[in-house]
Q: 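Please read through the structure below; I'll follow up with questions.
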Amino acid sequence: MAEEKLTFPHSLVLEERKNLSVSGVSDVDSFDEDMIIAFTDLGELTIKGSGLHISQLNTQLGELNVEGNVTALIYSTDQPRAAGFLGKLFR
């Protein structure tokens with residue numbers, strides 16, 4: 001029996017440019033303190049800033065929380081990839 005891909009509503013909440021909550025995240029491709037690349041059902045989301053830290057990642061619920069100084073949120077039209085190493089690591 002094949003696994004069904006769960007989809008979640010996608011939303012962003014940015015508070016004081018310091019705390020970012022993202023729903024609808026299927027995976028995180030890469031991250032460091034200046035940039036996080038996440039995959040959502042609506043495409044790739046690049047989060048840029050300084051002192052970025054992933055405080056929570058739950059791909060089963062589609063939740064990502066980031067702390068730090070957020071300077072940019074950039075969407076690309078690329079579709080999300082299958083769950084990668086980081087998605088499996090943070091489940």
Side-chain angles (χ1 to χ4, degrees):
M1 181 180 224
E3 282 188 40
E4 283 186 36
K5 181 185 175 203
L6 297 177
T7 59
F8 300 97
H10 179 63
S11 67
L12 296 166
V13 177
L14 180 60
E15 300 174 14
E16 302 289 329
R17 294 181 68 173
K18 301 285 182 201
N19 295 305
L20 175 65
S21 298
V22 184
S23 65
V25 174
S26 58
D27 195 11
V28 170
D29 184 50
S30 64
F31 65 92
D32 60 32
E33 65 181 29
D34 298 317
M35 184 169 56
I36 298 170
I37 299 175
F39 294 105
T40 74
D41 293 332
L42 300 178
E44 183 181 283
L45 171 63
T46 301
I47 304 161
K48 291 186 178 183
S50 60
L52 298 177
H53 170 74
I54 296 175
S55 59
Q56 178 187 5
L57 173 62
N58 185 330
T59 56
Q60 291 179 329
L61 297 176
E63 298 174 352
L64 170 66
N65 293 325
V66 176
E67 297 173 349
N69 184 31
V70 176
T71 58
L73 299 167
I74 304 164
Y75 283 97
S76 73
T77 57
D78 294 341
Q79 291 301 310
R81 299 181 322 170
F85 173 75
L86 294 175
K88 293 174 185 171
L89 180 67
F90 285 108
R91 280 190 190 165

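Counting begins at 1 with the first residue of the sequence.
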Q: Taking side chain as C-beta onward, heavy atoms only, is Asp41 less than 4.5 Å from Val25?
A: no
Q: Atom OG of Ser23 and atom CD of Glu63: how far apart are they, to the nearest 0.5 Å?
A: 7.5 Å
Q: When you measure from the side chain of Thr40 to the backbone of Gly43, do you find a donor-acceptor pair of N or O atoms at a distance under 3.5 Å?
A: yes
Q: Tell me whether Leu61 shares a hydrophobic cluster with Leu42, the cluster being built from Ile, Leu, Val, Met, Phe, Trp, Tyr side chains joined at under 4.5 Å.
A: no
Q: Not counting sequence neighbours, which residues clear ring pair (Phe, Tyr, Trp, His ring centres under 6.0 Å) with His10? List them please.
A: Tyr75
Q: Can you check whether Gln60's main-chain N or O pairs, donor with acceptor, with Asn58's side chain at less than 3.5 Å?
A: yes
Q: Give the table of side-chain donor-acceptor pairs shorter than 3.5 Å for residues 31-39, with sequence neighbours excluded, one pair per line with atom names and distance.
A:
| from | atom 1 | to | atom 2 | distance (Å) |
| --- | --- | --- | --- | --- |
| Asp32 | OD1 | Asp34 | N | 2.8 |
| Asp32 | OD1 | Met35 | N | 2.9 |

Q: Please output the side-chain donor-acceptor pairs of residues 14-22 that fall under 3.5 Å, not counting sequence neighbours, one pair per line with the distance.
A:
| from | atom 1 | to | atom 2 | distance (Å) |
| --- | --- | --- | --- | --- |
| Arg17 | NE | Val70 | O | 3.0 |
| Arg17 | NH2 | Val70 | O | 3.2 |
| Ser21 | OG | Asn65 | OD1 | 3.1 |

Q: Quick one: does Ile74's side chain get under 4.5 Å of Lys48's, heavy atoms only?
A: yes
Q: For the atom pair CG (Leu64) and CD1 (Ile47), what is the distance rounded to the nearest 0.5 Å?
A: 5.5 Å
Q: Got a second to check how far Asn69's CG is from Leu52's CG, nearest 0.5 Å?
A: 8.0 Å
